[in-house]
J.: 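Structure below; questions to follow.
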There are 2 protein chains.
Amino acid sequence: MVTLSEENYLKAIYHLGKQGTLSVSTNAIAEKVSSKASSVTDMIKKLADKNLANYTRYQGVSLTNEGRLAAALVIRKHRLWEVFLVNKLNFSWDEVHEVAEQLEHVKSLKLVNELDAFLEFPTHDPHGDPIPDKNGNHSPIKSISIFDIDAGNQGILSFVKDSTDVFLKYLNKNKLALGDTIKVLDFEPFDNSLTIETKSQKMIISKEVAQNLYLSI
Amino acid sequence: MVTLSEENYLKAIYHLGKQGTLSVSTNAIAEKVSSKASSVTDMIKKLADKNLANYTRYQGVSLTNEGRLAAALVIRKHRLWEVFLVNKLNFSWDEVHEVAEQLEHVKSLKLVNELDAFLEFPTHDPHGDPIPDKNGNHSPIKSISIFDIDAGNQGILSFVKDSTDVFLKYLNKNKLALGDTIKVLDFEPFDNSLTIETKSQKMIISKEVAQNLYLSI
DNA sequence: TTAAATTTTTAGTCTTACCTAAAAATATTT
DNA sequence: AAATATTTTTAGGTAAGACTAAAAATTTAA
Ligand SMILES: [Mn+2]
Ligand SMILES: [Mn+2]
Ligand SMILES: [Mn+2]
Ligand SMILES: [Mn+2]
């Protein structure tokens with residue numbers, strides 16, 4: 001049995017290294033799960049004992065295949081619940097994360113799979129993140145950051161890298177939503193800002209914002 | 001903040017006494033939550049400290065108004081989730097309890113209330129148990145056990161007292177479901193069994209079964 | 001290539017929620 | 001009204017998951 005706390009560590013390791021394949025540092029994990037390095041060391045040992053993580057002292061951690069699958073299934077639940085909250089319960093995309101953090105730990109295979117079917121097998125969550133399937137696989141993100149797009153080109157906003165509510169609320173305020181067509185009009189070398197255009201408006205966004213908006217072309 | 005474990009104790013006390021108003025014994029609670037009397041004593045003290053329970057040593061426990069509301073809100077969530085699982089996710093009534101035991105602890109006012117609306121404000125769960133409203137109130141059960149109904153009378157099956165999966169599976173097997181019209185044909189004094197009749201069949205049920213089936217007349 | 005800085009681990013505590021065993025209080029029988 | 005049985009509480013312990021402070025290992029800088 002994997003405990004709630006173990007699931008959160010698995011997620012952290014999965015997200016920090018490329019799906020847990022890269023070795024990640026104790027400190028990075030501590031930061032991610034809001035705990036201390038010493039607590040991480042304790043937990044890592046437990047995960048290694050359960051064959052969920054590969055660990056040798058002072059060398060960082062990565063996930064085993066089993067650990068990677070466990071992590072992906074928690075992430076699958078998290079993202080499915082986010083879709084449910086937005087599509088069925090009138091939550092906005094900046095309100096779902098905290099609740100999904102709780103719902104992702106509910107254990108029932110039937111629940112996940114029926115929820116998946118009820119939502120008509122969504123492939124992405126409300127922030128554009130891909131939803132892993134039953135086997136933990138998902139298509140790689142093929143979108144590209146607006147910051148790396150040349151002036152004159154356009155695409156569809158399909159993923160926001162930062163999904164903290166402060167950033168999402170900025171997007172709400174500025175009427176930018178997933179699915180919007182965005183064209184890059186101009187790049188300003190002085191402060192790295194960009195001028196972009198949507199159906200309804202023309203606006204300037206900072207480098208920080210641009211780096212978190214991903215378009216599919 | 002009320003912990004998951006505290007919520008389970010509150011529910012137990014609520015269910016054992018009439019909505020927590022009656023004083024219930026340490027042993028009864030231990031039995032209900034599958035722990036030991038000594039653990040119950042510890043927890044009761046904590047609930048009393050938090051003003052959720054009324055407690056004096058050796059005198060049993062009851063709930064304060066605050067505790068009663070907290071318990072009712074957990075039960076509200078439990079039953080709403082059961083409705084969701086049956087009505088939207090193709091669970092059968094004997095599969096929902098375990099999952100609802102987990103979902104009932106998810107904390108989000110918006111979640112409960114939106115779920116309630118999404119389900120179109122159900123008044124009863126899949127076992128006929130009433131769903132408390134936001135203030136913890138619900139209409140009293142006015143149905144009566146089949147065992148207490150005289151031969152010749154009939155009613156609609158609207159509540160099953162025992163909702164363990166073994167009993168629910170017995171009902172499934174015998175094609176008895178909530179909403180069925182049931183008529184009591186005969187009472188057999190020898191073993192206290194009853195002969196009943198539904199649209200589709202005539203059958204004999206034991207005293208144990210009869211005592212768990214409630215009809216509204 | 002030492003010395004200094006940083007990271008990671010270990011050692012020792014704390015809290016929550018359990019447990020067992022024994023003591024104390026209450027309830028039930030003779 | 002004792003004696004006995006039962007229930008409840010207390011005392012002392014354990015495991016999970018966190019923490020701080022100090023030691024050890026590794027990395028970076030001089
Ligand atoms: Mn999220
Ligand atoms: Mn998301
Ligand atoms: Mn239930
Ligand atoms: Mn129920």
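In what follows, every chain begins at residue 1, and chains take the letters A, B, ... in the order their sequences are listed.
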J.: Can a side chain N or O of A:Thr41 be found less than 4.0 Å away from OP1 or OP2 on C:dT9?
T.: yes
J.: Can you tell me the distance, in whole Å, between the CD1 atom of A:Ile29 and the P atom of C:dT8?
T.: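 Interatomic distance, CD1 of A:Ile29 to P of C:dT8: 9 Å.
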J.: Is the phosphate of C:dT7 approached by A:Arg57 (side-chain N or O, under 4.0 Å from OP1 or OP2)?
T.: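 So the side-chain polar atoms of A:Arg57 never come under 4.0 Å of the phosphate oxygens OP1 or OP2 of C:dT7.
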J.: Looking at every strand, decide which applies to B:Ser38 at a 4.0 Å heavy-atom threshold: base, sugar-phosphate, or nothing.
T.: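 Answer is base: heavy atoms of B:Ser38 come under 4.0 Å of a base.
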J.: Counting the atoms with a prime plus P, OP1 and OP2 as sugar-phosphate, which does B:Ser35 contact under 4.0 Å by heavy atoms, base, sugar-phosphate, or nothing?
T.: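 Sugar-phosphate contact only - B:Ser35 comes under 4.0 Å of backbone atoms but never of a base.
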J.: Distance check needed: D:dT14 P versus B:Asp42 CG, whole Å only.
T.: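 These atoms are roughly 16 Å apart.
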J.: Taking any heavy-atom pair under 4.0 Å as a contact, classify A:Thr26: base, sugar-phosphate, or nothing.
T.: sugar-phosphate
J.: Quick check on D:dT10: is either OP1 or OP2 less than 4.0 Å from any side-chain nitrogen or oxygen of B:Lys45?
T.: yes
J.: How many whole angstroms separate atom CD of B:Gln59 from atom C1' of D:dT7?
T.: 12 Å
J.: Looking at C:dT10, D:dT8, D:dT10, which one has an atom nearest to any side-chain atom of B:Asn27?
T.: D:dT8
J.: Should the pair B:Lys88 and A:Phe84 be classed as cation-pi, given the thresholds of under 6.0 Å to the six-membered ring centre and 45° from the axis?
T.: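 That pair does not qualify as a cation-pi contact.
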J.: With sugar-phosphate meaning primed atoms plus P, OP1 and OP2, does B:Ser5 contact a base, only sugar-phosphate, or nothing at under 4.0 Å between heavy atoms?
T.: sugar-phosphate
J.: Calculate the interatomic distance between A:Tyr58 atom OH and D:dT26 atom P; express it in whole Å.
T.: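 After rounding, the gap between these two atoms is 7 Å.
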J.: Taking atom types as modelled, is there a side-chain donor on A:Asp162 or A:Thr164 under 3.5 Å from an acceptor on the other?
T.: yes
J.: If we count only N and O atoms by modelled type, under 3.5 Å, do the side chains of B:Arg76 and B:Asn113 hold a donor and an acceptor together?
T.: yes
J.: What integer distance in Å separates B:Glu31:CD from D:dT8:P?
T.: 13 Å
J.: What is the distance, to the nearest angstrom, from the CG atom on A:Leu47 to the P atom on D:dA16?
T.: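 Checked: the CG to P distance equals 13 Å.
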J.: At less than 4.0 Å, is any side-chain N or O atom of B:Tyr9 found next to OP1 or OP2 of C:dC18? Yes or no.
T.: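 Answer is yes, contact under 4.0 Å.
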J.: Shortest non-hydrogen contact from A:Glu66 to A:Asn51?
T.: OE1-O, 3.6 Å
J.: How long is the line joining OH of A:Tyr55 and P of D:dA25, in whole Å?
T.: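 Answer to the nearest Å: 13 Å.
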J.: Side chains of A:Ser92 and A:Asp94: do they bring a donor and an acceptor to under 3.5 Å?
T.: yes
J.: Between the base of C:dT8 and the side chain of A:Ser25, is there a donor and acceptor pair under 3.5 angstrom?
T.: no
J.: Measure the distance from CE on A:Met1 to P on D:dA16 and round it to the nearest whole Å.
T.: 11 Å
J.: Please state whether the phosphate of D:dT20, meaning OP1 or OP2, lies under 4.0 angstrom from any side-chain nitrogen or oxygen of A:Lys36.
T.: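 True: A:Lys36 side-chain N/O within range (under 4.0 Å) of D:dT20 OP1/OP2.
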